[in-house]
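The next block holds one structure in the form of C-alpha cells; read it before the comments.
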Amino acid sequence: MVSVAITEDRIDDWIFDVPRNPDAGAELLFTGLVRDSEKGEHIRALVYEHYAGMAEKELERIGREVIGRFGIHGLHCIHRVGSIPVGEAAIVVLVRSKHRDAAFKAMSRFMDELKKTVPVWKIGFESTGG
Amino acid sequence: MVSVAITEDRIDDWIFDVPRNPDAGAELLFTGLVRDSEKGEHIRALVYEHYAGMAEKELERIGREVIGRFGIHGLHCIHRVGSIPVGEAAIVVLVRSKHRDAAFKAMSRFMDELKKTVPVWKIGFESTGG
Amino acid sequence: MSRRKTITVTVKCFSSARELLARDEFQMDIPEGSTIEVVEQEVRKLSSQLTNMPFMLALNMEYPAEGTLVKEGDELAIIPPVSGG
Amino acid sequence: MSRRKTITVTVKCFSSARELLARDEFQMDIPEGSTIEVVEQEVRKLSSQLTNMPFMLALNMEYPAEGTLVKEGDELAIIPPVSGG
C-alpha cells in the first residue's frame, strides 16, 4: 500500500493514519529537516516548489517500485513545499515491513530515487540578518 | 550524544525528549514490533528477559561506536522487556544526523550489532487458543 | 506539395528554466509526428542558455520512453535537476 | 608444597543456560590467576549439555578481552545467543 501527499502545511510530528499488518515486525520513519545553512550561508528558511500533479505521481511510482522490489507492506510519504523554516520537516516517510532489512533498503532506495526524479526544487532561501 | 533505557512499560509512540542540533538534516526512527507468529505458531505475546546492567552498558557501547564511526549527532534507544503483546513495540531507536546516508548506516549497524551482543533474549511466547 | 501539419503543445517551466525563460509556461507549435527527442531539440533552441543546460522533459506528467510521439494538446515540462526531500 | 589458592566468583545464568542449570546464578571456586578461557572450560564441565553449547562469557558486565584474568568476587555471566530488538 502506497500513499503520498504534498502540502504547504507544517508536517512535523506527522502521524500516518494507516493500519499495520499483524505480521509487521519493522517500522521505519524518516524525517528530512531544513538545516540552518545552505551553500555556506546561514538561513532562516528554504523555499520549495513542485510540479503539482507530477510530483505526486512520481512519488507514488517510486513507492510502488520499492514495495515490489523489497516486498515491504507499505510506504507512506508526505512532502512539504513553500517556505519551510529551519528545523522544520520538509519530508516524512514511513515504511512498514515484516523484517527490518527490507525496511532499511526500501527507505534508502526511495529517498535516493526521489532525489533523482521527483519534480520538487529548492528555489531559494531566506537568509538571516541584513 | 547517546541515551539508552530498558523498561517493562509500553513504549509504543515513544518520544525521545532530546533537543536537535540546528544543522540536523535527517532523523530516522526505527520501531521493532512483536509479530503475530513465532516459529510457525500463532502467538499472543513474546516474553523477553535481559541482563540488567549489562544490557544497558552494551547498548550504550554500540551507540557510542556508531556515533564515532558515522559522525552522527546522536542515538537514543529504549528496549522493552517482559511480556510484550503482538503488535506492540519491543524497541524504538532514534538517530539524528546532518545527512541521511549516515543516519541509515548508523541505524542499520546499531541494530545488527545489538542482535549479536546485547544480552536480551526472547525466552518464550504466549500462544493463542488452547 | 502540401504544407506539413503542425500541432500545439504546452510547455511548463520550473525552477531555473522558469527564471531563464521568464515565464511559467508557453505554447509551442511542432510538426505532427515529432518524437520527444525532436521536441527537446526545439526547446533547447529557445535560449542559448538552455542549449547545454541539464534538464529532462516530462510528457503528460511522466518521463516518456525514448521515441514517444508527442500529440496535439500534450503537456510538456522542463525539469531541471530536482532537489526535493 | 603449598596448596594453590582459590578465589570465588559468581556466575549468572540466562535464557537456555538458566533452564539447563536450573538456577539463576551460582558461586564457583577457581584457581587464582585463571584467565577467562580457563574459567570458560570449567563452566563447560558443569553440564554435558553446556559443553558444546554456543555461549559467550561476560565478565563484570562486559565481554572480556582474550586472556583477561578473573579476580575474587568477579561477576561472570553465561550469555547464550542473544535475540533482542
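Every heavy atom of this structure was used, including side-chain atoms; hydrogens, water molecules and symmetry mates were not.
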Between the side chains of [Y] and [X], is the shortest nitrogen-to-carboxylate-oxygen separation below 4.0 Å, so that they form an ion pair?
X: C/Arg18; Y: C/Glu25; answer: no
X: A/Glu49; Y: A/Lys122; answer: no
X: A/Arg80; Y: A/Glu88; answer: yes

Legend entry - Flag for A/His76-A/Ser3: side-chain donor and acceptor within less than 3.5 Å: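 Yes - a donor-acceptor pair under 3.5 Å links their side chains.
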
Legend entry - C/Glu32 versus C/Thr6, side-chain donor and acceptor atoms under 3.5 Å: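 On atom types as modelled, these side chains do not qualify, holding no pair under 3.5 Å.
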
Legend entry - Side chain / backbone / both / neither for A/Tyr48 at chain C, heavy atoms under 4.5 Å: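 The side chain, not the backbone.
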
Legend entry - chain C contact via A/Lys115 - which portion, at a heavy-atom distance below 4.5 Å: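 Both backbone and side chain.
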
Legend entry - Option in C/Ala58, C/Ala77, C/Gly84, C/Pro81 with maximal non-hydrogen atom pairs under 4.5 Å from chain A: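 Highest number of heavy-atom pairs under 4.5 Å: C/Gly84.
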
Legend entry - Segment of C/Pro80 engaging chain A (4.5 angstrom heavy-atom cut-off):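 For C/Pro80, heavy atoms of backbone and side chain both lie under 4.5 Å from chain A.
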
Legend entry - Residue, of A/Ile91, A/Leu114, A/Val81, A/Thr117, that accumulates the most heavy atom pairs under 4.5 Å with chain C: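 The option with the most such pairs is A/Thr117.
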
